[in-house]
A.B. asks: 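Provided herewith is a single structure, encoded as structure tokens, for subsequent inquiry.
Below, chain A is the first sequence line, B the second, and so on; all start at residue 1.
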There are 2 protein chains.
Amino acid sequence: MNVSTSEKILDVAESLVVAGGYNGFSYADISDAVGIRKASIHHHFPTKAELVEVLLDRYVQRAVSGLKALGEQVTNPAKQLEAYLGYWQSCILDASQPFCVCAMLASEMQMLPEEVAAHVRAHFRNLAIWVRSVLEAGVEQGLFSLSAPPEQEAEILIASVHGAMLSARALGKPDVFSAIVSPQLARLMTPR
Amino acid sequence: MNVSTSEKILDVAESLVVAGGYNGFSYADISDAVGIRKASIHHHFPTKAELVEVLLDRYVQRAVSGLKALGEQVTNPAKQLEAYLGYWQSCILDASQPFCVCAMLASEMQMLPEEVAAHVRAHFRNLAIWVRSVLEAGVEQGLFSLSAPPEQEAEILIASVHGAMLSARALGKPDVFSAIVSPQLARLMTPR
DNA sequence: AATTACCTACCTATTAGTAGGATGGCATTC
DNA sequence: GAATGCCATCCTACTAATAGGTAGGTAATT
């Protein structure tokens, strides 16, 4: 319960970004949701760009440590991928966070302040590195059979995840997400 | 050269939507690009929602007739898919239209006026139907071997395309698009 | 005494949108 | 064929609301 105001601001801002992107929310929206005056938000985050930068920093950091923790907790690469995809599936199904913050911002890339854009790029690279390493470990253990280099297979899987989010959102059907993603995972695990 | 003002407005608005989405542009931006006063844009399109609605109508209609023309011109289903993917690949490579208007708006779905959202949904459905029918024709001719029902394979391909657009934009590397999409197409065409 | 967190009150620029006037082409009427 | 009225296009000039951001003050901690 004892969560600081700046955390509350970041939480609200994050969900607003997920809903409508960088240009889809204002300090007034945050003000309403948090129950604090606009000027007070500026006290914590002088500019909108800085706010989103911190928000992204937190998001990317959380993703990194989340995936790292997953790696320590679950050793089977196949189960690791399942957990990653399952995470998003449940977020989308219960509508708690029906879109990746970075995927959202990626679509607005051309209009983002450079510092924000850099964070988005970093997330995409981090994610690709993680998926790639999981795929490589899985191949080594004979769990996956890839039809392309692991680097490329990683990009394909990531694109499928983001594309599936888009389709699910566009059609207003959360279950579309797993209909797209599950076969992609199954394909990797199919024994040759 | 003799293109009407309202066409110019729609052209400019379309490229602005591609760049930054619904909330990423204003009548002032259009005004600057077209060389006409803001009020004159309101003469052609009373509200922003109506403007984007007409824009989307045009876009979706163009897509439908484009795909239909493709079907009449190219009979081989494999070549049809290649042409569809190649279209986007060249758009992204030469940066002429580095994103699908509907994919862009799909990410903002939650904040869109309902009429606009309906058009976006329609495009996703149309596209799925087209891809599905091409896949079915290809299977019948022994060109494709699907590992999931054609409906699902269509959704997968569409998600890959949109996800690939996102990744290419996020990373600032246009060639990422075909690195993701080509193997997906190859996979469908792989003989059993 | 200084700092943190919040406030009221304000600022300027921009947003979508409106009111009403000027221009100019086109069809109807005389 | 000239005068008529009409209507589409575009304009200047405005509006109210909202955008991101600032100035300066208060009250409680440190």
A.B. asks: Starting at NE2 of His42(A) and ending at C1' of dC10(C), how long is that distance when rounded to a whole Å?
C.D. replies: 13 Å

A.B. asks: Between C1' on dA19(D) and CG on Asp29(B), what's the gap in Å once rounded to a whole number?
C.D. replies: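 Interatomic distance, CG of Asp29(B) to C1' of dA19(D): 14 Å.
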
A.B. asks: Looking at every non-hydrogen atom in both residues, tell me the closest pair between Tyr84(B) and Leu67(B) and how far apart they are.
C.D. replies: CD1-CD2, 4.3 Å

A.B. asks: May I have the distance from Leu16(A) (atom CG) to dA19(D) (atom C1'), rounded to whole angstrom?
C.D. replies: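 Distance check: Leu16(A) CG to dA19(D) C1' gives 15 Å.
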
A.B. asks: What is the distance, to the nearest angstrom, from the CD atom on Glu50(B) to the C1' atom on dT18(C)?
C.D. replies: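 Whole-Å distance recorded here is 14 Å.
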
A.B. asks: Is Lys48(A) salt-bridged to Glu53(A), cutoff N-O under 4.0 Å?
C.D. replies: no

A.B. asks: What's Phe25(A) touching, base or sugar-phosphate or nothing? Going by heavy atoms closer than 4.0 Å.
C.D. replies: sugar-phosphate

A.B. asks: Could you check how far CG of Asn23(B) sits from P of dT14(C), rounded to whole Å?
C.D. replies: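 So the two atoms are 18 Å apart, to the nearest Å.
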
A.B. asks: Of the listed nucleotides (dG17(C), dA19(D), dC7(C)), which one gets closest to any side-chain atom of Tyr27(B)?
C.D. replies: dG17(C)

A.B. asks: Looking at Arg169(A) and Glu108(B), is there a salt bridge between them, counting it only when a charged N and a carboxylate O are closer than 4.0 Å?
C.D. replies: no

A.B. asks: Under 4.0 Å: is that the gap between some side-chain N or O of Ser40(A) and OP1 or OP2 of dA5(C)?
C.D. replies: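 Checking Ser40(A) against dA5(C): no side-chain N or O falls below 4.0 Å of OP1 or OP2.
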
A.B. asks: In whole Å, I'd like the distance from the CD1 atom of Ile30(B) to the C1' atom of dA16(C).
C.D. replies: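 In whole Å, dA16(C) C1' and Ile30(B) CD1 are 11 Å from each other.
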
A.B. asks: With a 4.0 Å limit, can you tell me whether Ser26(B) has a side-chain N or O closer than that to the phosphate oxygens OP1/OP2 of dT14(C)?
C.D. replies: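 Ser26(B) to dT14(C) OP1/OP2: no side-chain N or O under 4.0 Å.
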
A.B. asks: Tell me which nucleotide among dC6(C), dT12(D), dT8(C) gets nearest to the side chain of Ile36(A).
C.D. replies: dC6(C)

A.B. asks: Between dT15(C), dG21(D), dA9(C), which nucleotide gets closest to the side-chain atoms of Lys38(A)?
C.D. replies: dG21(D)

A.B. asks: May I have the distance from Leu51(A) (atom CG) to dG21(D) (atom C1'), rounded to whole angstrom?
C.D. replies: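 So the CG-C1' distance, Leu51(A) to dG21(D), works out to 14 Å.
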
A.B. asks: So, Gln89(B) and Ser182(B): side-chain donor and acceptor under 3.5 Å apart, yes or no?
C.D. replies: no

A.B. asks: Going by an N to O cut-off under 4.0 Å, is there a salt bridge joining Arg62(B) and Asp57(B)?
C.D. replies: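 Here Arg62(B) does not pair with Asp57(B) in a salt bridge, since their nearest N and O are not under 4.0 Å apart.
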
A.B. asks: Check whether any side-chain N or O of His43(A) sits under 4.0 Å from OP1 or OP2 of dC6(C), and answer yes or no.
C.D. replies: no

A.B. asks: What is the distance, to the nearest angstrom, from the CZ atom on Phe45(A) to the C1' atom on dC6(C)?
C.D. replies: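 Distance check: Phe45(A) CZ to dC6(C) C1' gives 15 Å.
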
A.B. asks: Examine dC10(D): is either OP1 or OP2 under 4.0 Å from a nitrogen or oxygen in the side chain of His44(B)? Give yes or no.
C.D. replies: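 So the side-chain polar atoms of His44(B) do come within 4.0 Å of the phosphate oxygens OP1 or OP2 of dC10(D), strictly under.
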
A.B. asks: So which nucleotide from dA19(C), dG21(D), dC7(C) ends up closest to the side chain of Ala39(B)?
C.D. replies: dA19(C)

A.B. asks: Give a yes/no answer on whether the side chain of Thr5(A) brings an N or O atom under 4.0 Å of OP1 or OP2 in dC6(C).
C.D. replies: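 The answer is yes; a side-chain N or O of Thr5(A) sits under 4.0 Å from OP1 or OP2.
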
A.B. asks: From the set dG17(C), dG20(D), dC7(C), return the single nucleotide nearest to any side-chain atom of Lys48(B).
C.D. replies: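 Closest nucleotide to the Lys48(B) side chain: dG17(C).
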
